[in-house]
Trainee: 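Below you will find the structure I want to go over with you.
The model shown is predicted, which means the values in this text are computed figures rather than measured ones. Proteins get letters first, then strands, A, B, ... in listed order; numbering begins at 1 in each. Heavy atoms only: backbone and side chains are in, while hydrogens, waters and symmetry mates are out.
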2 protein chains.
Amino acid sequence: MKLTQREWRSNCPINFALETFGDLWSLLIVRDMLMYGKSTYGEFQKSEEGIATNVLADRLVRLEREGIITKSLNESDRRKATFRLTQKGIDLLPVLLEIILWSAQHNSKTSAPKEFVEQIRNDRDGLTAKIIKELKSY
Amino acid sequence: MKLTQREWRSNCPINFALETFGDLWSLLIVRDMLMYGKSTYGEFQKSEEGIATNVLADRLVRLEREGIITKSLNESDRRKATFRLTQKGIDLLPVLLEIILWSAQHNSKTSAPKEFVEQIRNDRDGLTAKIIKELKSY
DNA sequence: TAAACTTACTTGCAATTTGCAAGTAAGTTT
DNA sequence: AAACTTACTTGCAAATTGCAAGTAAGTTTA
């Protein structure tokens, strides 16, 4: 019965991740939530990279399906949904931090602040705790 | 003059990475090279995920263009090219390790060996040094 | 030495995804 | 009530993906 059974290309952990968020946009949404506290469709759409409306809608649906975010109604404005990271989503922070380090090393035009990069290197745990604390305060 | 100037959606480090390897296949190739010492087209093609021939060819060209791998002729069999990771490619190891940790946590069917996951957690530097040493011995 | 085999792609094609921009329905503000 | 805002949806063309056959170059075998 294939109705609810998802096929995986392999059980390799790298492949699992790629099948979960291996596209040009998903991690940008996670970034916006983890780093900038964004939580609505309109906020994500305003990001500099300029995601298309249909792709944004699609990715939010996917990320919710993958258990990385949850979607709830905004009570003060019922046109809006509020998206929040699950623990599974928050657990992507170390991945993002390593990606930032890699990019800072290899992209001469990176907008990653030097102090931020140094902090990832020198106080990973402190920074992680700070980001998560800020996240929970939104 | 736009001939050699590449347009980036933004200078954000996450975006830089996604524009470099944000697809379903690129990191699988890097995995095969870092973890399994694969170095030829045929070896990559045999991976369990079953990449299409045209996509594999395309990704190898891209990874080379991005400076993550280099391609050289195999002198003992001139039909084959040998691909090797550059330092930029090797520097993706910490990203891969964090992805493995994340997946091990969130994929109940992961094929990542428990001892390997424990080693990532307990001796990151030792493991990194070991993988790189093995890499250079291929 | 020629035939058979292997290797790394290339090609043809259909399905799917992406990106642009206009459209739409529901909700809020004026 | 009209105007505006929000979150999508839609139409469409271009790009990408995946399947599988095809092709050229190189190697092995008889």
Trainee: For Phe83(A) and dT6(D), give me the distance from atom CZ to atom P, rounded to whole Å.
Mentor: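 In whole Å, dT6(D) P lies 15 Å from Phe83(A) CZ.
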
Trainee: Among residues at least two apart in sequence or on other chains, which ones pass salt bridge (Lys or Arg N to Asp or Glu O under 4.0 Å) with Asp23(B)?
Mentor: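 Once residues adjacent in sequence are excluded, the partners of Asp23(B) under the salt bridge (Lys or Arg N to Asp or Glu O under 4.0 Å) criterion are Arg59(B).
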
Trainee: Using side-chain heavy atoms (C-beta onward) and a distance below 4.5 Å, is Asn11(A) in contact with Thr110(B)?
Mentor: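 No, their side chains stay 4.5 Å or more apart.
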
Trainee: Residues of residues 58-68 of chain B with any non-hydrogen atom less than 4.0 angstrom from an atom of DNA chain D: list those, numerically ordered, please.
Mentor: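 Of all residues in residues 58-68 of chain B, the ones placing a heavy atom under 4.0 Å from DNA chain D are Arg59(B), Arg62(B).
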
Trainee: Can you name the salt bridge (Lys or Arg N to Asp or Glu O under 4.0 Å) partners of Arg124(B), sequence neighbours left out?
Mentor: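 Partners of Arg124(B) under the salt bridge (Lys or Arg N to Asp or Glu O under 4.0 Å) test: Glu98(B).
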
Trainee: Starting at CG of Asp23(B) and ending at P of dT18(C), how long is that distance when rounded to a whole Å?
Mentor: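 Atom CG in Asp23(B) sits about 12 Å away from atom P in dT18(C).
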
Trainee: Taking protein heavy atoms under 4.0 Å as touching, what does nucleotides 24-30 of chain D look like 5' to 3' if B marks base contact, S marks sugar-phosphate-only contact and - marks none?
Mentor: -BBS---

Trainee: Is there a residue in residues 26-39 of chain A whose heavy atoms reach under 4.0 Å of DNA chain D, and which residues are they?
Mentor: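 Of all residues in residues 26-39 of chain A, none places a heavy atom under 4.0 Å from DNA chain D.
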
Trainee: For residues 114-121 of chain B, which side-chain N or O atoms pair as donor and acceptor with protein atoms under 3.5 Å away, sequence neighbours left out?
Mentor:
residue   : atom : partner   : partner atom : Å
Glu118(B) : OE2  : Arg121(B) : NH1          : 3.2

Trainee: Is a side-chain N or O of Glu43(A) found less than 3.5 angstrom from the main chain of Ser39(A), in a donor-acceptor match?
Mentor: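 Side chain of Glu43(A) to backbone of Ser39(A): a pair is present.
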
Trainee: Just wondering, do Leu60(A) and Phe83(A) contact through their side chains at under 4.5 Å, heavy atoms?
Mentor: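 Yes, close enough: below the 4.5 Å cut-off.
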
Trainee: Where along residues 41-56 of chain A does a heavy atom come under 4.0 Å from DNA chain D, residue by residue in number order?
Mentor: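 Here the set is Tyr41(A), Gly42(A), Thr53(A), Asn54(A).
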
Trainee: Determine yes or no for a side-chain-to-main-chain donor-acceptor pair under 3.5 angstrom, with Ser103(B) supplying the side chain and Pro13(A) the backbone.
Mentor: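 Present.
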
Trainee: Could you label the plane-to-plane angle of the Phe16(B) and Trp102(A) rings as parallel, tilted or perpendicular, counting under 30° as parallel and over 60° as perpendicular?
Mentor: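 Phe16(B) and Trp102(A): tilted rings.
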
Trainee: Thr86(B) side chain to Gly67(B) main-chain N or O, any donor-acceptor pair under 3.5 Å?
Mentor: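 Between the backbone of Gly67(B) and the side chain of Thr86(B) there is a qualifying donor-acceptor contact (under 3.5 Å).
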
Trainee: Shortest non-hydrogen contact from Leu93(A) to Met35(A)?
Mentor: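 In this case the closest contact between Leu93(A) and Met35(A) is CD1-CE, 4.0 Å.
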
Trainee: Is Lys71(A) near enough to dC8(D) that one of its side-chain N or O atoms lies under 4.0 angstrom from OP1 or OP2?
Mentor: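 Answer yes for this pair, as a side-chain N or O of Lys71(A) is under 4.0 Å from OP1 or OP2.
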
Trainee: Please list all pairs meeting salt bridge (charged side-chain N to carboxylate O under 4.0 Å, His left out) that have one or both residues in residues 125-138 of chain B, counting only residues at least two apart or in different chains.
Mentor: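 Of all non-adjacent pairs touching residues 125-138 of chain B, none passes salt bridge (charged side-chain N to carboxylate O under 4.0 Å, His left out).
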
Trainee: Could you note down all residue pairs passing ring pair (Phe, Tyr, Trp, His ring centres under 6.0 Å) where residues 34-80 of chain B supplies at least one of them, sequence neighbours left out?
Mentor: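 As it turns out, there is no ring pair (Phe, Tyr, Trp, His ring centres under 6.0 Å) pair with a partner in residues 34-80 of chain B once direct neighbours are skipped.
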
Trainee: Would you write out the dot-bracket form of DNA chain C, 5' to 3', with Watson-Crick and G-U pairs under 3.5 Å, [ ] for crossing pairs, | for pairs to other strands and . for unpaired bases?
Mentor: ||||||||||||||||||||||||||||||

Trainee: Can you list every pair that meets salt bridge (charged side-chain N to carboxylate O under 4.0 Å, His left out) and has a residue in residues 74-86 of chain B, with sequence neighbours left out?
Mentor: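 Qualifying pairs, neighbours excluded: Glu75(B)-Arg78(B), Asp77(B)-Arg79(B).
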
Trainee: What is the separation between atom CD on Glu19(B) and atom P on dT18(C), rounded to the nearest whole Å?
Mentor: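 Distance check: Glu19(B) CD to dT18(C) P gives 15 Å.
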
Trainee: Not counting sequence neighbours, which residues clear side-chain contact (heavy atoms from CB on, under 4.5 Å) with Arg9(A)? List them please.
Mentor: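 If we apply the side-chain contact (heavy atoms from CB on, under 4.5 Å) test to Arg9(A), skipping adjacent residues, the hits are Asn15(A), Leu18(A), Glu19(A), Leu24(B), Trp25(B), Leu28(B), Glu49(B).
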
Trainee: So, OP1 or OP2 of dG19(C): does either fall under 4.0 Å of a side-chain N or O from Trp25(A)?
Mentor: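 Affirmative; the distance criterion is met.
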
Trainee: State which residue, out of Ile29(A), Leu56(A), Asp32(A), fulfils the side chain to side chain contact (heavy atoms under 4.5 Å, CB included) condition with Ser47(A).
Mentor: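 Among Ile29(A), Leu56(A), Asp32(A), the one that satisfies the side chain to side chain contact (heavy atoms under 4.5 Å, CB included) with Ser47(A) is Asp32(A).
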
